[in-house]
Enquirer: 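Before anything else, here's the structure in question.
For the numbers below, each heavy atom of this structure counts, side chains included, while hydrogens, waters and symmetry mates do not.
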Amino acid sequence: MASQIAWMSFDQNQLQRTQLFLNALSERGTVDELGTGIIRDLISGMLFPGHTVLHTRAKYLLFLPRDLSRLSSKTVDALAAEGRGTEGHRIKALRQRYQDEGLRSKGIIGYTTGSQTKQLPSSSYWGLMRQLGIYRGEGSLWDYYRELAAHNASRAQNAMLHSEEDGELPTVTGLWAEYPAESSGFDGFDLSPDEAVWLRERFLESDKSHQEERSLTSWLLDKGGPRSGREWVSKLDYVWNHPLVAQFPARTAQAMWLGRDTDQLLFGARILYNYLCAYHRPDQGAERDALLDKYRTAMNEWRSQIDAEPPRATLLTELDDWAQRRFGVIRAGGEARIRWRDTLRFVQRWQQLIQNSADLLADRDAHKHLMCRERSLKPGRARLEKPNERLQGWGGDAGYFRFDFNWLPAWKILDDIHAGLRTPRVAIDGETD
């Protein structure tokens with residue numbers, strides 16, 4: 001089912017990252033049914049700026065400038081076709097490199113469909129490459145193709161007017177940062193020490209924030225290498241479980257804790273939404289009953305956690321104060337602020353329902369609150385709107401996930417870089433939310 005999108009009025013870089021995130025929603029099934037994604041996006045943008053769920057491996061940040069800077073076609077359409085073909089060749093090479101190791105787990109974008117994949121690496125990583133200063137031009141990938149087409153056409157014309165003895169013809173300069181030379185043998189996603197150092201420097205140099213507001217990406221890369229005094233901690237489900245969390249930049253950590261605590265509050269709403277979808281599913285049977293049991297169990301577990309550690313009374317006030325400051329930093333427009341106020345009212349009412357209800361699964365006010373929310377977000381397409389035809393055969397787990405605020409895609413890139421830096425690593429076992 002298609003989802004309605006409420007756009008946030010950010011600058012061009014923010015808009016580009018939002019567009020990438022929307023593509024991720026359609027491919028990964030991470031649609032936020034209750035419209036609380038603005039909380040996730042604001043906090044993710046401070047913790048791990050530029051990262052999206054589409055990012056899989058760090059070396060794409062080297063593959064892409066190497067491949068795209070070599071394109072030679074002379075029109076925009078021809079360059080787009082050449083670029084797609086070049087990315088297809090890269091996908092093929094990666095498939096061959098990892099064919100005996102299991103393609104699905106390697107992070108190869110387009111490993112099943114090759115160059116025909118809907119979201120090529122160039123589209124997925126373009127915003128991050130601009131943020132890191134790897135691509136130094138302006139605008140989108142198509143803007144790059146337009147500039148490159150003009151350059152290549154001019155270069156071809158000059159070639160007809162001058163002999164080879166006149167010296168080298170001009171090349172397109174200034175659009176790409178100088179990157180490390182590619183090794184003679186293809187080593188897949190593995191980064192050489194030089195490549196890892198170069199990527200680390202890109203992340204560190206691009207973070208211009210005050211020390212207390214540094215991104216966690218740059219903080220976690222600040223020390224690395226075989227003689228690093230800080231080990232790289234791998235296999236963390238959530239960044240707030242990091243053993244050095246007390247040393248995180250103070251204001252960035254504040255945003256992280258606000259995100260974690262608010263998501264804990266909201267997870268119960270996601271459980272209830274899925275329970276209601278199962279309950280109103282028109283077709284009866286064992287599958288429906290299994291879903292109902294699943295969400296009853298999840299609700300009981302969540303309720304026990306909330307009762308044991310209730311959300312502090314000032315949580316949402318703190319969140320709103322932080323968000324208003326953040327809106328000022330990113331120069332958000334009026335539409336984003338309106339959407340924020342609407343979302344905040346929804347969460348505030350949900351918190352009241354938690355406090356006043358002993359059984360949310362049977363609470364009609366709680367049911368009505370979620371139904372009205374979905375109907376306002378998806379008019380005419382809400383699952384919980386009678387006669388519930390959209391729930392026929394519904395398979396469960398709609399928006400049923402915990403926010404990690406883009407920690408997983410950031411971790412994948414950080415893990416690759418630290419592997420290339422040869423940073424000592426340690427794994428944490430038995431972590432909890």
Side-chain angles (χ1 to χ4, degrees), residues 1-8 18 21-44 52-53 259-260 262-282 287-288 290-292 294-299 301-303 306 316 319 336 338-351 353-354 357 360-361 363-406 408:
M1 184 191 312
S3 297
Q4 181 180 3
I5 298 299
W7 284 97
M8 299 173 69
T18 302
F21 183 78
L22 296 183
N23 289 328
L25 294 184
S26 64
E27 292 194 357
R28 304 292 180 92
T30 58
V31 173
D32 172 27
E33 301 290 349
L34 297 176
T36 58
I38 189 172
I39 301 172
R40 171 202 56 218
D41 295 344
L42 278 175
I43 294 174
S44 299
T52 80
V53 295
R260 184 202 66 170
T262 304
D263 185 60
Q264 170 69 352
L265 179 74
L266 284 169
F267 189 57
R270 295 181 207 131
I271 297 171
L272 179 57
Y273 175 81
N274 279 273
Y275 175 84
L276 292 174
C277 286
Y279 182 84
H280 290 289
R281 184 172 145 169
E287 184 178 359
R288 174 182 177 273
L291 288 171
L292 289 171
K294 172 182 177 177
Y295 298 125
R296 285 192 194 98
T297 300
M299 180 61 79
E301 292 175 353
W302 173 82
R303 187 80 215 206
I306 289 292
L316 298 183
L319 178 68
I338 292 171
R339 182 183 168 200
W340 173 260
R341 287 196 295 271
D342 181 59
T343 302
L344 185 64
R345 284 194 293 268
F346 168 75
V347 182
Q348 289 170 333
R349 176 57 180 153
W350 173 250
Q351 186 175 32
L353 289 164
I354 293 173
S357 178
L360 289 166
L361 295 183
D363 191 316
R364 292 190 177 183
D365 288 338
H367 299 181
K368 181 180 178 181
H369 184 54
L370 267 57
M371 290 176 179
C372 290
R373 178 65 173 172
E374 186 192 29
R375 193 159 53 243
S376 70
L377 294 170
K378 300 181 290 184
R381 297 178 292 109
R383 287 192 180 98
L384 297 178
E385 195 168 43
K386 292 182 178 181
N388 304 121
E389 294 174 351
R390 293 176 178 82
L391 290 173
Q392 183 75 30
W394 180 75
D397 291 1
Y400 187 66
F401 54 90
R402 300 297 295 266
F403 289 164
D404 70 355
F405 302 98
N406 280 344
L408 179 58

Enquirer: Heavy-atom distance under 4.5 Å between the side chains of Leu361 and Tyr279, does that happen here?
Expert: no
Enquirer: Between Phe403 and Phe401, what is the ring plane arrangement, given parallel below 30°, perpendicular above 60°, and tilted in between?
Expert: tilted
Enquirer: Within the distance-only criterion (no hydrogens, no angle test), does the side chain of Arg270 pair as donor or acceptor with the backbone N or O of Tyr400 below 3.5 angstrom?
Expert: no
Enquirer: Using modelled atom types only, decide if a donor and an acceptor are shared between the side chain of Tyr275 and the backbone of Lys294 within a distance under 3.5 Å.
Expert: no
Enquirer: Would you check if Ile39 and Leu266 make a side-chain contact, meaning some heavy-atom pair closer than 4.5 Å?
Expert: yes
Enquirer: State, yes or no, whether a side-chain contact exists between Ile338 and Arg341 at a heavy-atom distance under 4.5 Å.
Expert: yes
Enquirer: Evaluate side chain to side chain contact (heavy atoms under 4.5 Å, CB included) for Thr262 paired with Thr36, printing each intermediate quantity in order.
Expert: CA-CA 10 Å; Thr262 304; Thr36 58; over 6 Å; no
Enquirer: Indicate yes or no for a side-chain donor-acceptor contact from Asn274 to the backbone of Ala398 under 3.5 Å, with no hydrogens or angles considered.
Expert: yes
Enquirer: Please check if the side chain of Arg303 supplies one atom and the backbone of Ile354 the other of a donor-acceptor pair under 3.5 Å.
Expert: yes
Enquirer: So how far is it from Asn406 CG to Ile43 CD1, rounded to the nearest 0.5 Å?
Expert: 11.5 Å
Enquirer: Quick one, Gln351 with Gln348, criterion side chain to side chain contact (heavy atoms under 4.5 Å, CB included). Give me CA distance, side-chain angles, the key distance, then yes/no.
Expert: CA-CA 5 Å; Gln351 186 175 32; Gln348 289 170 333; 5.7 Å; no
Enquirer: So, the side chain of Arg383 versus the backbone of Asn388: is there a donor-acceptor pair under 3.5 Å, distance only?
Expert: no
Enquirer: As an exercise, state the distance from OG1 of Thr297 to CG of Leu292, rounded to the nearest 0.5 Å.
Expert: 10.5 Å
Enquirer: Taking the side chain as everything from C-beta on, heavy atoms only, tell me whether Glu301 gets closer than 4.5 Å to Ile271.
Expert: no
Enquirer: Any pair with a residue in residues 366-387 that passes ring pair (Phe, Tyr, Trp, His ring centres under 6.0 Å), sequence neighbours left out, goes on the list, sorted by first then second residue, please.
Expert: Phe346-His369
Enquirer: When rounded to the nearest 0.5 angstrom, what distance separates CG in Leu370 from CZ in Arg375?
Expert: 11.5 Å
Enquirer: Should the pair Glu33-Arg373 be classified as a salt bridge under the 4.0 Å nitrogen-to-oxygen rule?
Expert: no
Enquirer: Answer yes or no: is there a side-chain heavy-atom contact under 4.5 Å between Gln392 and Glu389?
Expert: no
Enquirer: Has Asp363 got a side-chain atom pairing as donor or acceptor with Ala366's backbone, closer than 3.5 angstrom?
Expert: yes
Enquirer: Which heavy atom in Leu384 sits nearest to a heavy atom in Glu374, and how many Å separate them?
Expert: N-OE1, 3.1 Å
Enquirer: Just verifying a value: how many Å separate Leu34 CG and Trp350 CH2, rounded to the nearest 0.5 Å?
Expert: 9.0 Å
Enquirer: Would you give the length of the straight line joining atom CG of Asp263 to atom CG of Asp404, rounded to the nearest 0.5 angstrom?
Expert: 9.0 Å
Enquirer: Find out whether Tyr295 and Asp397 are in side-chain contact, i.e. whether some heavy atom of one side chain is under 4.5 Å from a heavy atom of the other.
Expert: yes
Enquirer: Do Met371 and His280 have side-chain heavy atoms sitting under 4.5 Å apart?
Expert: yes
Enquirer: How far does CD of Gln264 sit from CH2 of Trp302, to the nearest 0.5 angstrom?
Expert: 7.5 Å
